[in-house]
Amino acid sequence: MPNYWLMKTEPTAFSIHDLAKAPKKTTCWEGVRNYQARNMLRDDIKKGDFVLFYHSNTDEVGVYGTAIVVKEGYPDPFQFDKKSKYFDDKASKDTPRWYMVDIKLDQIFQSPVTLTEMRSLKPLSNMKLLQKGQRLSVQPVTKTEWNTIVKIGQKA
DNA sequence: GCCAACGTTGGC
DNA sequence: GCCAACGTTGGC
């Protein structure tokens, strides 16, 4: 049984359209530097799991499409790269601190399911994303939440 | 650009 | 282990 997740990105840094243009429409999800999110990337997110692709910090905030996990948690190499902004001198190859997964584009929605719209939907009333102060860039999503959003995204 | 909410750091 | 200071996230 696959699980469902939501991943946030700032589209100025990496958007779903960038993912569409990437080789094999696949990218590694580097740069997550939060322990809770790290634990999910390392332990919980499995190959074949589904991802809601969310744009934050933009004019129209919301879910822009879906992706599939094609590679499970492995050490984020940028933590070892002194030139990277994600470099972490407390991490070593023997004891990596940060992890990432690879995801592949599934579909881009006809039009995004906006945060405003999501707030108005009953089945999403308990969704983590909509709770106050929720900043996690990787979050679990229930199957119901997934189905609700994807249905609207596809229809729109 | 503002600012509330949250996470991390570091002195004690 | 406490907590103030600081940095970051992210909606608006």
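Here is the naming used below: chain letters follow the sequence lines, and residue numbers restart at 1 for every chain. As the structure is a computational prediction, the values presented were derived from the model and not from experiment. Scope of the values below: all heavy atoms of this structure, side chains included, with no hydrogens, waters or symmetry mates.
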*Asks:* State whether a side-chain donor-acceptor pair under 3.5 Å links A:D102 with A:Y74.
*Replies:*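 Side-chain D/A pair, A:D102 to A:Y74: present.
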*Asks:* Strictly under 6.0 Å, is that where the ring centroids of A:Y35 and A:W98 end up?
*Replies:*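 So the answer is yes for these two rings.
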*Asks:* Do the side chains of A:D76 and A:R38 get close enough for a salt bridge, i.e. N-O under 4.0 angstrom?
*Replies:*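 Salt bridge flag = no for A:R38 with A:D76.
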*Asks:* For a quick check, with a 4.0 angstrom heavy-atom cut-off, what is the B/S/- contact string for nucleotides 4-10 of chain B, read 5' to 3'?
*Replies:* -BBSS--
*Asks:* Enumerate donor-acceptor pairs with a distance under 3.5 Å from any side-chain N or O in residues 128-135 of chain A to protein atoms, sequence neighbours excluded.
*Replies:*
unit_1, atom_1, unit_2, atom_2, d
A:Q131, NE2, A:N126, O, 3.0
A:Q134, OE1, A:L136, N, 3.1

*Asks:* Quick one: CZ on A:F87 to CZ on A:F80, what's the gap to the nearest 0.5 Å?
*Replies:*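 One gets 10.0 Å once the value is rounded to the nearest 0.5 Å.
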